Amino acid sequence: MEKTYPDAYMESLKPPVTSIGVIGWIRFNLFNGAFNSILTIITLLLLWKTVPPVFKWAFIDSVWFADSSACRGSDGACWSIISANFRFIIFGFFPYESQWRPLLAMTLLFGLLFYSKDRNHWKKSLGYAWIIGLIAMGMFMRGGIFGLAPVESAKWGGLPLTLLLSVFGLTAAYPLGVILALGRQSKLPALKLLCVLYIELIRGVPLISLLFMSSVIFPLLLPEGVTINNILRAQTAIILFTAAYIAEVVRGGLQGMSLGQYEAAESIGLNYYLTMRLIILPQALKIVIPPTVSILISAFKDTSLVVIISLWDLLKTSKSILSNPEWMGFSRELYIFIAILYFLGCFSMSNYSRKLEKELSTEN
Amino acid sequence: MNQESSERTNNQTENGSMIEIIDMHKWFGEFHVLQGINLTVHKGERIVICGPSGSGKSTLIRCINRLEEHQQGKIVVDGIELTNNIKNIEKIRAEVGMVFQHFNLFPHLTIVENLSLGPIWVRKVPRAEAEENAMYYLDKVHIAEQARKFPGQLSGGQQQRVAIARSLCMNPKVMLFDEPTSALDPEMIKEVLDVMIELAKEGMTMIVVSHEMGFAKSVAHRVMFMDFGRIVEENTPEQFFENPQHDRTKLFLSQILH
Ligand SMILES: Nc1ncnc2c1ncn2[C@@H]1O[C@H](COP(=O)(O)OP(=O)(O)O)[C@@H](O)[C@H]1O
Ligand SMILES: [Mg+2]
């Protein structure tokens, strides 16, 4: 008897069928009113016209693993251009027989990134793991020790280079940006002026010109015989550029903090450094997670600009395949593939930031 | 009787003064906000400051822990003069507790983290000990069950009691209160005042900016009236409220009493 009571109770509360479930959803979202109904029908028609042909091109008529002549005979997509040139797209000119090394380095990187996703793992030991990991990655790429054949950095390319430029660039630019933002708020006029000048100058020029400067003008200023690695120069330009934008976003977050927070921190005797580290930055940086991630995402995509100073990043290795007469004309497939790779990178960043934001906001 | 108490305070000036302010002036730009403040507060003494809005009460007590900088005169706290010496300022701030009108708890930290932060980072107390101590003071302000919550989940009165406990965790020699109940809903004022009265009973040295007359009568040794950047009148609470001397004090009292 006791058991039947709650069931009966639940039943009596069920809403009418037309307002729940699939039908309710469709009625409510797609056909509520004449205008929306018309829009829905037009959209359905457009989808009907476009999706099937694209699907047919990409999946039904397509050629996946064959040579280029097979591709030319088919109406569909030639995904063979990717499968046949996969290792060059990904690794560029890295010596063929040693390509397991960048592969291992990337695996290590993804492993570390994946492990770092969980905030419970953010401890000192994780910092050490990153340092050791980065050294190991560098070792795999460069070689020259433990019997690994040395590979000069001019031969680094493809996905490892893109990842190297982005991961190093973003992780170095973020703290630099925060420091610049704090400097811009400083009470010391000289420091403040310096930071303002830096931020405004860098934001006043496009990244391309910074990259040119770093590769063309910068060497002119160096003494004869001293050369700086091309990748390092590009890396520096990306870091300096991104940091200026981060600084402005962080400044916005700092300005959003109430004076009372500073005063409360000071009145229990915290010094400037501790006030910033324990009270102000944790709150300010949390507020600016969304705009910060936008900047990081665009910086990630902007690493593709390094082609102009003849670094062979992912985009460049792919493009160079198109100049091979055998594969000429299949640019669509190739660019779709590269776009998917970039999308995965950007999407996981923004996804992660949303998760982080949610986690942090439930805390108060 | 008045004579007696002033003699007593005079005797203590030599060795027992906690705060000594001598002819202190402060300007905000051109605006002369504090115009020659003289004030000595002895160990264990409790002072209530009242006065119209804008008279400089907040500025005065904020000068005592250097949230504001005075430009002329002298402020000595527990034997240390307030100068630009940043180490001295940090030392004094650790000894002087401050409770704000708007609580100013750290919203990203739990209540117990709010309390243990200062001891851990400033006093270098081990975390476990600091948290134990935090629980002791939370218990004292009758709010121990909220320890793991965040400030945003507490009522105003509860937040202000947490703010008091946060200051107490630093084991301060003086407590400054800047209108601690004026941002609270009426039904919460009493719970905060009760905590302050308990604190007074334990002999804490306190300077309280407040218009709560009942509180002033029950705990203050002296009540001061400020107007236009000066201490216009000071007296024992009985004399101050029964028999105000200056016209401005009379006017002010008639306004807050209606
Ligand atoms: N940071 C500041 N800059 C300029 N003027 C200020 C500042 N703080 C307070 N004042 C002014 O100083 C006067 C005294 O302020 P305050 O000490 O807060 O008064 P009270 O607490 O007695 O209401 C007010 O007229 C106020 O406008
Ligand atoms: Mg005030």
Side-chain angles (χ1 to χ4, degrees), chain A residues 119-120 122-125 178 181-183 185-191 249-250 252-290 292 353 355-364, chain B residues 58 61-62 64-68 86-111 113-124 148-154 159 162-163 165-172 174-178 183:
Chain A
R119 278 195 321 130
N120 295 327
W122 292 5
K123 302 193 186 97
K124 259 207 182 109
S125 49
V178 171
L182 292 176
Q185 301 236 311
S186 165
K187 290 193 190 97
L188 306 172
L191 182 62
V249 164
V250 171
L254 289 173
Q255 282 174 339
M257 295 298 302
S258 81
L259 205 55
Q261 291 291 304
Y262 289 90
E263 293 182 344
E266 281 167 18
S267 71
I268 56 175
L270 295 179
N271 57 27
Y272 173 81
Y273 169 74
L274 287 177
T275 302
M276 287 301 161
R277 176 177 149 200
L278 301 172
I279 309 299
I280 304 301
L281 286 178
Q283 298 183 61
L285 296 183
K286 189 175 89 187
I287 305 171
V288 297
I289 288 177
T292 309
S353 88
K355 171 174 163 271
L356 194 61
E357 223 181 314
K358 207 184 271 168
E359 272 180 25
L360 291 174
S361 71
T362 50
E363 280 181 2
N364 51 51
Chain B
S58 299
I61 66 167
R62 288 158 59 85
I64 295 173
N65 69 351
R66 198 71 161 195
L67 289 180
E68 301 288 354
I86 191 90
K87 283 280 158 256
N88 278 353
I89 293 172
E90 279 161 17
K91 213 182 288 171
I92 287 173
R93 280 177 178 164
E95 304 296 338
V96 177
M98 178 104 174
V99 175
F100 301 88
Q101 187 176 354
H102 296 288
F103 335 130
N104 296 350
L105 296 178
F106 306 129
H108 61 302
L109 300 176
T110 61
I111 299 305
E113 285 167 343
N114 263 275
L115 267 67
S116 55
L117 184 105
I120 290 172
W121 293 95
V122 179
R123 297 251 194 255
K124 312 277 187 251
R148 301 284 157 194
K149 289 192 180 167
F150 286 91
Q153 298 166 296
L154 268 54
Q159 290 193 45
V162 171
R166 177 174 69 183
S167 292
L168 292 177
C169 277
M170 291 297 287
N171 214 354
V174 193
M175 289 281 286
L176 309 175
F177 296 82
D178 190 0

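This is a predicted model, so every value here is computed, not measured. Lettering of chains follows the sequences in order, A, B, ..., and the numbering in each one begins at 1.
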Report yes or no: does [X] contribute a side-chain atom to a donor-acceptor pair with the main-chain N or O of [Y] at less than 3.5 Å?
X: B/N65; Y: A/S267; answer: no
X: A/Q261; Y: B/L105; answer: yes
X: B/H108; Y: A/L278; answer: yes

Tightest non-hydrogen contact, residues A/A264 and B/F106, listed as CB-CE2, 3.8 Å
Mind listing the closest non-hydrogen atom pair of A/I268 and B/M170 along with its distance? O-CE, 3.3 Å
Counting C-beta onward and ignoring hydrogens, is there a side-chain heavy-atom pair between A/E263 and B/R62 closer than 4.5 Å? yes
Side chains of B/I86 and A/N271: does their closest heavy-atom pair fall under 4.5 Å?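 Result no, sub-4.5 Å side-chain heavy-atom pair not found.
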Taking it one step at a time, do B/L117 and A/L274 satisfy side-chain contact (heavy atoms from CB on, under 4.5 Å)? CA-CA 10 Å; B/L117 184 105; A/L274 287 177; over 6 Å; no
